[in-house]
Protein chains: 4
Amino acid sequence: MKKRSPPEPGTKTLRERLREETEQALLEAGEQVFAEQGVGGTRIEDISKRAGVAVGTLYNYFEDREELLAALMARRRAELVKVLDEVSEGARGKPWHEEFDAFLRATLTFLEQHRRFFSILVQGEMTAPRHTSAAEKRSGSGLDDVHACAERLVRRGVAEGVLKPEFAALYPALLLGMLRSAIVHDRYTDSPGPLIALMEPFRDFFLKGAGKKR
Amino acid sequence: MKKRSPPEPGTKTLRERLREETEQALLEAGEQVFAEQGVGGTRIEDISKRAGVAVGTLYNYFEDREELLAALMARRRAELVKVLDEVSEGARGKPWHEEFDAFLRATLTFLEQHRRFFSILVQGEMTAPRHTSAAEKRSGSGLDDVHACAERLVRRGVAEGVLKPEFAALYPALLLGMLRSAIVHDRYTDSPGPLIALMEPFRDFFLKGAGKKR
Amino acid sequence: MKKRSPPEPGTKTLRERLREETEQALLEAGEQVFAEQGVGGTRIEDISKRAGVAVGTLYNYFEDREELLAALMARRRAELVKVLDEVSEGARGKPWHEEFDAFLRATLTFLEQHRRFFSILVQGEMTAPRHTSAAEKRSGSGLDDVHACAERLVRRGVAEGVLKPEFAALYPALLLGMLRSAIVHDRYTDSPGPLIALMEPFRDFFLKGAGKKR
Amino acid sequence: MKKRSPPEPGTKTLRERLREETEQALLEAGEQVFAEQGVGGTRIEDISKRAGVAVGTLYNYFEDREELLAALMARRRAELVKVLDEVSEGARGKPWHEEFDAFLRATLTFLEQHRRFFSILVQGEMTAPRHTSAAEKRSGSGLDDVHACAERLVRRGVAEGVLKPEFAALYPALLLGMLRSAIVHDRYTDSPGPLIALMEPFRDFFLKGAGKKR
DNA sequence: TATGAATGAGGCTTCATTCAT
DNA sequence: AATGAATGAAGCCTCATTCAT
């Protein structure tokens, strides 16, 4: 009953391409609107409108509100982790400082592109949504795997004798906390320049602290 | 016809005391429930139940949901600011390091007692609640004045030559970010000891960074 | 905190009385509207309007649509069963025929007053709603207990030698089926008189059948 | 340019045959799903899936949901009526009892094959679907013509002096009600044997009732 | 003609807020 | 002042139907 010339391997049907585009648009829209209006304050309809589709369409792609959010989070998080993995990979054989720099640069760049996304993450980190659903759990709404990347970086730094081993267990959290400050800092400064400008201060602060060498 | 003796000045009527107790109970309940269920996910009724009164009563004390939240935030924030002001006051004439230590200790202690509250703050920092009203903006739902305390501390440190002036503008945010890490760190560690245990690592990290002295 | 003069025993608060009245009104309205528009075609809002309350009020009394329906069914069914129990009780010591007559009379009267309700039951008997929920199961959406009443009647008839024991297992279903015909018959006749008029024919038919004595 | 030989008269095009097959499949699927999930609870998509076609295809065959239901009902009802007409026809000149037996047998057999369909009918008898449209009314969703068959049978029985004329107007409804009991009975018995087993009890009951000859 | 994604009206349900007692 | 039922706007989600491919 269903006959159809088999699709060229490696080629995507028009339909498939459309489907992916729509999904992209929805995630994009979701990221924007969730960030603008807050996770709790976002109406599904606003997202679908922003994406240029009808509500029903959104529901053809995502089971419900939560799944959309989870998918969105997972997607972006995966992107960041991928970048950080590449950083780690690319720094093999090079001095740790280079990896550290690359890590900071990559993260700040990512933050810059996804300030919105990051703000969602910060929310999610601490909020228990009405009914924290299975879906949300599954997707790991936190930063667990990003944290793992930071740990890897820190471990290497310690192993190579660049970082003090003393409180090493805390460094990943402190590193990420510092990066989080990047966003917070924006809100308390008058000249909200590009985040990448924070690279040097951050490197300096993380490695040497705020204390004056005497 | 009953006559009522005028209240002794400086004395609180029974009625007044009851009123305050109820208000306290409501704020307490609010803190708990908002923290447990998230700001967006909390139902007014849950708060009133937790406080042991009817919804209507809650509305006798607070104009609406937002005002309750704002009052709650303002209350706790004021507490912290008060403590930090005392720290600053009490350290007059003493070396900066002592003030810094006291600052850390006070903040970690406060965090410990109000992890819940702090989690609300972290949320509020980035989230726009359902209908972010003028009232909420007015009440300054953020950490602005706490940030100001941190600025004061940092300024003094710089002035006294203890802190590097180079990126001083960032230090307050970094300091607070570090403290925020205290809560985050909890979630990624197996042994979630008391936050005060983080005092030494934090002092060390803030002053000297993670880099190994060469 | 909650002080209140204890209610006179056996007396209902005004509130309690209001509450019961509202519940009554809702059930009444539910019966009407479900019957008029069909179970599937009924909008909750129509029911609440008919009852003269807001939608929200309905939800203060019943968990959801299903629970309302279940409660409604249970209520009416219980009424009928109660009546039939009384019939059985009242006929103790009297000849079976009298109980039979009373059974028919009671049922036809009930049917008359609740044609609407009965039509719902007939539906429910055969329909599997979208998600047959636990609630529905719990309430026994069928006629099980009415069927039990019929069985009791039939058993006695057989025991007393008034009914042929041959196909006795079928009689309850046949008896109820016959009564159901009462409603169906209405739709195919031009003179839809009172159902009670069907008493004699039904008695005659059940006891002697349609065949002519030869 | 292709030329197509004109279709042999009386022969069906391949296309026509395919069309009919699909239509059949859709009706079949409709019968199943409507019966399984209830008329109100059935989603068009489920039907099309069951039939192995896309939703759009279903809409190429039936104007809308209602038309499908109406067509389905009409189809099955026509089948039953046809069988009953044949029964009537075949019994010409034979004693009434034979026609009666044949009627019962035919109906029970049909019921057996279409318990599902019959359950829809029973529903339809009393339910007004979501938007009871004119179309549905038009199609006569009830049992009117089956009722007519029963009337014909009863009339003949009365005419031939086999049935008591007294309450003859009720007999058709009672006859059908009795048959409906066949399905209901299933739900209250532990041994849900084939419906045809009910033939003798039904004949006996209809003709002689449940009362014991004294 | 078949497909299945897109559409959006419409139903269900929640919950902040009001108000009569 | 306390109570808690009533209110109804507003959000979520479903699904019959359409339509471009």
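Owing to the predicted nature of the structure, the values given are computational and were not obtained by experimental measurement. Every chain is numbered from 1 and lettered A, B, ... according to where its sequence line falls, protein lines coming before strand lines.
R19(D) comes within contact range of no nucleotide atom at all, as no heavy-atom separation falls under 4.0 Å. Residue F62(D) is out of contact with every strand shown, counting any heavy-atom pair closer than 4.0 Å.
Regarding E67(C), its CD atom lies at a distance of 16 Å from the P atom of dC12(E), rounded to whole Å. Residue Y59(C) contributes atom OH, which lies 15 Å from atom P of dA6(F) at whole-angstrom precision. If you take CG of D46(B) and P of dG4(F), they are 15 Å apart, rounded to a whole angstrom. Atom pair L58(D):CG and dG4(E):C1' shows a separation of 13 Å (rounding to whole Å applied). Rounded to whole Å, the distance from CD on E21(A) to C1' on dT21(F) is 15 Å. dG10(E) atom C1' lies 14 Å from atom CD of Q37(C), rounded to whole Å. Here dT7(E) presents its P atom at 16 Å from CD1 of I47(A), a figure rounded to the nearest Å. One can place CD of E45(B) at 13 Å from P of dT3(F), the figure rounded to the nearest angstrom.
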Result block: side-chain N/O donor-acceptor pairs under 3.5 angstrom for residues 22-29 of chain A, not counting sequence neighbours:
residue	atom	partner	partner atom	Å
T22(A)	OG1	L18(A)	O	3.0
E23(A)	OE2	R75(A)	NH2	2.6

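You'll find the side chain of I44(B) reaches within 4.5 Å of the side chain of Y59(B), heavy atoms only. Side-chain contact between D46(A) and R43(A) is present, with at least one heavy-atom pair separated by less than 4.5 Å.
T22(A) has a side-chain polar atom (N or O) that falls below the 4.0 Å cut-off from OP1 or OP2 of dA6(E). Taking side-chain N and O atoms only, R65(B) has no distance below 4.0 Å to OP1 or OP2 of dT17(E).
Remark: R19(A) is positioned above the aromatic ring of Y61(A), its terminal NZ or CZ atom under 6.0 angstrom from the ring centre and at most 45 degrees off the axis.
The residues E45(B) and K49(B) are annotated as salt-bridged, a charged nitrogen and a carboxylate oxygen being separated by less than 4.0 angstrom. Taking a cutoff of 4.0 Å between a charged side-chain nitrogen and a carboxylate oxygen, E36(A) and R50(A) qualify as a salt bridge.
Positionally, the nearest nucleotide of DNA chain F for G56(B) lies more toward the 5' end than for the other of G56(B) and A54(C). Along DNA chain E, the nucleotide nearest V55(B) and the nucleotide nearest N60(A) are compared for position; the residue whose nucleotide lies closer to the 5' end is N60(A). Of the two residues contacting DNA chain F, namely V53(C) and I44(A), the nearest-nucleotide position lying further toward the 5' end is that of V53(C). Comparing E63(B) and T57(C) along DNA chain E, the residue whose closest nucleotide (by nearest heavy atom) sits nearer the 5' end is T57(C).
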Check your understanding: So what does the secondary structure string of DNA chain E come out as, 5' to 3', with Watson-Crick or wobble pairs under 3.5 angstrom, [ ] for crossing and | for pairs with another strand?
Key -> .||||||||||||||||||||

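Remark: E67(C) CD to L72(C) CG distance equals 12.0 Å, nearest 0.5 Å.
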